[in-house]
Amino acid sequence: MTTRSAILVSGLFWCVVALLNHNAFGSDSLSHVRVVWRGDAATQAIVSWSTATAGDVHALQIRAAGEETWNTIPCEQNLTLGESSDADAADAALSPLHIHHVPLANLKPATKYEIVAVSDLVKSSTFSFTTAPADNRPTQLLYGGDSRSGWEHRQKMNRLLQRLVTEAERQGRPPVLALAHGGDFVNRGHRIDQWRQWLDDHELTTSDEGRLLPIIPTRGNHDYGEPFNAIFGFQAGDANYYTTQLSPAIRLLTLNTETTTAGDQRNWLASELTTIAPISRWLLCQYHKPAFPAVKVPSGALTNWVPLFEQYDVDLCLEADGHCIKRTPPIRNNRIDPTGVVYVGEGGLGVGQRTPKTNRWYLQPPAVTGRGHHVHLLTFDRD
């Protein structure tokens, strides 16, 4: 996989100044309906939502668009956030956040599903999401990170994400499958009030018609503690590295720089790449702290993961944490090489921006650098 021309990476710099109100879906007692992807996104998903009280009976109603009959699937995981020992004084003044997860399997590829979250007698509005394809049709993916602060800018960026998804649909461009989020969702990972605000703001990515933008989440250094796992449907103590298949040709490996980058995680990465590299046209990796940073020092990814990225011809690495705009030339063996790996980032979904250190060799032209709130739009074609 040495051809790079089919991956079009665009830094879309936010320039919208209008502020709109949140979409009004459901009720005050049921909110934050969302979809999380990991595994085979053509056939699997996790649907989650929040309630103001613990309730007794929680379930998801689901049907393929155009069908008359709804299927009802009970929740497998109901959690309460805000009563743990690490909750601080700011959380103590708030009511707990109750989270409900329904894992879905055996879905049909490239299919629009309508869903309604039900908690006791309260129903959400009807939402929808579309599964990933099982063929190699052209698709798009949004990537961005660092939405932990600058909430007004985060809200504006979320409206931009929603607009990009809607415009792709209305203009007949390849569909935007999901948002790969590079981590640092919130500023203090144990603060339930900050997660509640992030969930409120994420609703702005939902279209007026109720179209949900699935999330592929990465843990950042500010996302410490168990709330991250609870919010995104991981089991308690999960190590947060996994693979998402976006089509038969596209696989995205999500890694975790907030634990050791060697040992079990490196062994998993080597094993996973050995398995999927021969059957993947496009290989992408996302993680929070950069291997080739534009602002900070390299993370353990440089030593423990980059040799594997190069050995297995990974195409694109999605990085965050630096709070700036970056796209490197292809890199192999610590020099520019047309057969190498491209690194993009580094987080612009609301957080204040920094100035890249352009004197670094991999940030010299033809590298692209800058500062400004931004998202990367990745387009995958058949070629």
Side-chain angles (χ1 to χ4, degrees), residues 31-32 34 36-38 46 48-50 77-101 143-155 157-158 179-205 215-242 254-261 265 286-290 293 295-296 299-301 318-323 345-352 354:
S31 58
H32 306 152
R34 58 196 181 277
V36 177
W37 276 358
R38 57 181 182 266
I46 299 170
S48 309
W49 65 94
S50 309
Q77 192 178 17
N78 298 292
L79 306 167
T80 298
L81 295 177
E83 297 178 343
S84 59
S85 60
D86 67 352
D88 64 13
D91 285 329
L94 296 172
S95 58
L97 185 64
H98 304 278
I99 307 292
H100 314 284
H101 300 296
Y143 172 71
D146 294 275
S147 56
R148 64 179 176 84
S149 59
W151 294 353
E152 180 178 315
H153 291 294
R154 176 171 74 194
Q155 292 164 7
M157 288 303 299
N158 285 349
L179 168 66
H181 194 298
D184 276 8
F185 291 82
V186 297
N187 196 44
R188 299 176 66 183
H190 68 291
R191 285 277 295 267
I192 309 308
D193 60 326
Q194 293 186 10
W195 280 110
R196 192 191 308 267
Q197 181 66 51
W198 185 87
L199 289 165
D200 285 347
D201 291 345
H202 183 70
E203 290 183 332
L204 294 170
T205 67
I215 315 165
I216 308 172
T218 307
R219 186 186 282 268
N221 58 295
H222 284 266
D223 304 321
Y224 51 82
E226 274 304 304
F228 177 89
N229 283 335
I231 292 292
F232 295 116
F234 294 96
Q235 295 297 316
D238 192 279
N240 306 134
Y241 48 86
Y242 59 96
T254 299
L255 298 164
N256 183 3
T257 56
E258 305 319 301
T259 185
T260 177
T261 56
Q265 185 168 197
Q286 71 166 345
Y287 47 89
H288 186 65
K289 293 179 179 175
V295 175
K296 300 183 180 181
S299 70
L318 313 174
E319 303 184 323
D321 190 52
H323 308 175
E346 295 182 349
L349 293 183
V351 73
R354 301 184 177 114

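Note: hydrogens, waters and symmetry copies are ignored here, and every other heavy atom, side chains too, is used.
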**Q** Keeping the roles fixed (side chain from E203, backbone from H32), state whether a donor-acceptor pair exists under 3.5 Å.
**A**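 The answer is yes, because a donor-acceptor pair under 3.5 Å joins these two groups.
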
**Q** Hey, are the side chains of S50 and R34 touching, using non-hydrogen atoms and a 4.5 Å cut-off?
**A** yes

**Q** Got a sec, which residues hit side-chain contact (heavy atoms from CB on, under 4.5 Å) with D238, two or more places apart in sequence or on another chain?
**A** N229, F234, N240

**Q** Where do K289 and T261 land on the side chain to side chain contact (heavy atoms under 4.5 Å, CB included) test, with the steps shown first?
**A** CA-CA 11 Å; K289 293 179 179 175; T261 56; over 6 Å; no

**Q** Which residues pass the side-chain contact (heavy atoms from CB on, under 4.5 Å) test with T254, sequence neighbours left out?
**A**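 For T254, the residues satisfying side-chain contact (heavy atoms from CB on, under 4.5 Å) (neighbours in sequence not counted) are I216, T218, Y242, L252, Q286.
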
**Q** Within this structure, what is the NE2-CG distance for the pair H153 and D201, rounded to the nearest 0.5 Å?
**A** 13.0 Å

**Q** Quick one: does H222's side chain have a donor or acceptor within less than 3.5 Å of a partner on N187's backbone?
**A** yes

**Q** According to the interplanar angle, ranging from 0 to 90°, do the rings of H100 and W49 count as parallel (below 30°), tilted (30 to 60°) or perpendicular (above 60°)?
**A** tilted

**Q** Which pair of heavy atoms, one from H101 and one from S48, lies closest together, and at what distance?
**A** ND1-OG, 2.5 Å

**Q** Could you give me the CA-CA distance, side-chain angles and deciding distance for Q197 and D193, then say whether side-chain hydrogen bond (donor to acceptor under 3.5 Å, both in side chains) is met?
**A** CA-CA 6 Å; Q197 181 66 51; D193 60 326; over 6 Å; no

**Q** Could you tell me whether the side chain of P293 reaches within less than 4.5 Å of the side chain of D321, counting heavy atoms only?
**A**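 Result no, sub-4.5 Å side-chain heavy-atom pair not found.
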
**Q** At their closest point, which heavy atom of P217 faces which heavy atom of V36, and how far apart are they?
**A** CD-CG1, 3.9 Å

**Q** With side chains defined as the heavy atoms from C-beta onward, is the minimum distance between I231 and L81 less than 4.5 Å?
**A**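 Counting from C-beta outward, I231 and L81 do come under 4.5 Å.
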
**Q** Of the non-hydrogen atoms in G182 and A320, which two are nearest, and what is the gap between them?
**A** O-CB, 3.7 Å

**Q** Taking side chain as C-beta onward, heavy atoms only, is S147 less than 4.5 Å from M157?
**A** no

**Q** Measure across G144 and L179 and return the closest heavy-atom pair with its distance rounded to 0.1 Å.
**A**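 Scanning both residues, the minimum pair turns out to be N-CD1, 4.2 Å.
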
**Q** Look at the rings of W198 and W195 and say which category their plane angle falls in: under 30° parallel, 30 to 60° tilted, over 60° perpendicular.
**A**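 Perpendicular: the ring planes of W198 and W195 meet at over 60°.
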
**Q** Any non-hydrogen side-chain atom of H202 less than 4.5 Å from a side-chain atom of T205?
**A** yes

**Q** Do P227 and I192 come close enough that some side-chain heavy atom pair is under 4.5 Å?
**A** yes

**Q** Any side-chain heavy atom of I46 sitting closer than 4.5 Å to one from R38?
**A** yes

**Q** Mind checking the CD-CG spacing from Q265 to L255? Nearest 0.5 Å is all I need.
**A** 5.5 Å

**Q** Within the distance-only criterion (no hydrogens, no angle test), does the side chain of R148 pair as donor or acceptor with the backbone N or O of V351 below 3.5 angstrom?
**A**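 Checking the backbone N and O of V351 against the side chain of R148, no donor-acceptor pair under 3.5 Å is found.
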
**Q** Does any non-hydrogen side-chain atom of Y287 lie less than 4.5 Å from one of E319?
**A** yes

**Q** About how many Å separate CG of L349 and OH of Y143, when rounded to the nearest 0.5 Å?
**A**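 Interatomic distance, Y143 OH to L349 CG, rounded to 0.5 Å: 8.5 Å.
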
**Q** Only one of N256, D184, L318, D223 forms a side-chain contact (heavy atoms from CB on, under 4.5 Å) with H288, so which one is it?
**A** D184

**Q** Quick check against the 3.5 Å criterion: does Q194 have a side-chain atom that pairs as donor or acceptor with the backbone of G189?
**A** no

